[in-house]
Amino acid sequence: MSKIVTTKSPANIAFIKYWGRKDHKLFIPANDNISMTMSGCNTVSSAILRDDLETDLVEVKFFEQEYKVLEPSTIKARDLFAQIERIRKLSGKNAKVHIRTENNFPADAGIASSASSFSALTAALLLVYGLEELYEDKVELSRQIRLCGSSSAVRSAMGGFVELETANDSEGAHCVQIADENHWDLVDIVAVVDPEKKRVQTSEGHELADTSPYFRTRIVEMQQRIVATRQAIIAKDFLTLGPLIEADTISMHSVMMTQDPPLIYWGPGTLSIMHELQEWRTNDNVHAYFSIDAGPNVHVICLKQDAAEVQARLNKNKYVKWTIYNEPCAGVHETEFSLFD
Ligand code: PMV
């Protein structure tokens, strides 16, 4: 038996999102994208090599559930087993791996659970198979995470505000840090309106993105927005950043809703919050902006100084079941704590 390795990874929220891929085998996103890490939404993964196992054993504990053995029945699960196989081969070792992994927030509901899961799992696999140099070099770590099939997870390789650059080859598609977690007191309050699993996984959605007549238009029109977003983060210019975040959400969902078959992730709670935020800005001078991923739940971005007011208002909305408070934080890292204890 090897030593136990444990990693912890935050989720991240994309201010400029990616939808669709340039290369589906290498998981290279269609466009550059920018995100912020989320301190309140984490995955912890422990891994140990075991010579006595005939097949890899992955036990998953989803939010408020018991441990279950992961079967390769979904695309994401199959991608994870392929990632284990790939990393084992790279290490030259033969031993199978036993993994335990836990999320502290609902999975597959547009809160970025695959981002934290795949980043924690890849980091744990690299460390347990003795590939420390691939883990220590965060640019290389981001490439390794991408190969597990979730490009959003790549952005959790680094802390704070991170850009995932697209490229025409695997070498070029990696992360760069725009600013670290101490740069800016920005907050993401997730308004959970529906914690149930989404019906269509992002892996399936990406494959059909280019069936939308607006897919190419988005790739062109988001180019100036990503430059402006990077600049607004560096300059800590919130009143410029907020509208850019909302514009990008609307742009990505326009593609989702017009692809074949259409993907409509918004529900009544989503729209209710979108309307409320507009009203608060216009009538009450409360500045908060929405960002929505592949699910109905709404990430509400505001300055820390306004967070208590925004969170109290969100908790009064009849659709909101609970809220999750997030600040920028460090990217994936090793911890002492073990899930095998
Ligand atoms: O990489 P995936 O399969 O987790 O795709 C996620 C894509 C969005 O969350 C919808 C947008 C993004 O950039 O995070």
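Residue numbers start at 1 and run along the sequence shown. Values below: all heavy atoms of this structure, side chains included; hydrogens, waters and symmetry mates excluded. Whatever order the structure lists them in is the order used to number ligands and atoms, beginning at 1.
When all heavy atoms of T270 and V193 are compared, the pair lying nearest together is N-CG2, 4.3 Å. Shortest non-hydrogen contact noted between K17 and T249 is CE-OG1, 3.4 Å.
Here is the list of ligand 1 atoms found below 4.0 Å of a heavy atom in M252: 10 (C). For ligand 1, the atoms sitting less than 4.0 Å from at least one non-hydrogen atom of K17 are 11 (C), 13 (O), numbered in the order shown with element in parentheses. Every atom of ligand 1 is numbered from 1 in the order shown, and the set under 4.0 Å from a heavy atom of S150 is 1 (O), 2 (P), 4 (O). Under a 4.0 Å criterion applied to the non-hydrogen atoms of A14, ligand 1 contributes the atoms 12 (C), 13 (O), 14 (O). The distance from ligand 1 to the heavy atoms of S114 drops below 4.0 Å at these ligand atoms: 4 (O).
Close N/O approach between S152 and ligand 1 is found [any backbone or side-chain N/O within under 3.5 Å]. For ligand 1, the polar-atom distance check finds no N/O of W19 at less than 3.5 Å from any of the ligand's N/O atoms. Distances between N or O atoms of S203 and those of ligand 1 include no value under 3.5 Å. Between S151 and ligand 1, at least one N/O pair is under 3.5 Å apart.
More than 12 heavy atoms of other residues, nucleotides or ligands sit less than 6.0 Å from atom NZ of K321. Enclosure of atom CD in Q224 by more than 12 non-hydrogen atoms of other residues, nucleotides or ligands within 6.0 angstrom is indicated. Atom CD of E66 has 12 or fewer heavy atoms from other residues, nucleotides or ligands within 6.0 Å.
Taking the six-membered ring where the residue is Trp, H253 and Y265 present perpendicular rings, their angle passing 60° and hence far from 30°. By the 30° and 60° cut-offs, the orientation of the rings of H206 relative to W19 is tilted.
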Subject >> K22 and D210: CA distance, side-chain angles, deciding distance, salt bridge (charged side-chain N to carboxylate O under 4.0 Å, His left out) verdict >> reply: CA-CA 10 Å; K22 266 191 189 172; D210 60 3; over 6 Å; no

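The closest approach between H206 and ligand 1 falls below 4.0 Å for a heavy atom of the residue.
Counting heavy atoms under 4.0 Å from ligand 1, residue R155 touches it through the side chain alone. By the criterion of a heavy-atom distance under 4.0 Å, the side chain of K76, and not its backbone, is placed next to ligand 1.
A donor atom on one side chain and an acceptor atom on the other are not found under 3.5 Å apart for K76 and S117.
For atom 7 (C) of ligand 1, the nearest protein heavy atom (residue, atom name, distance) is Y18 O, 3.7 Å. The nearest heavy-atom contact from the protein to atom 3 (O) of ligand 1 is T202 OG1, 2.8 Å.
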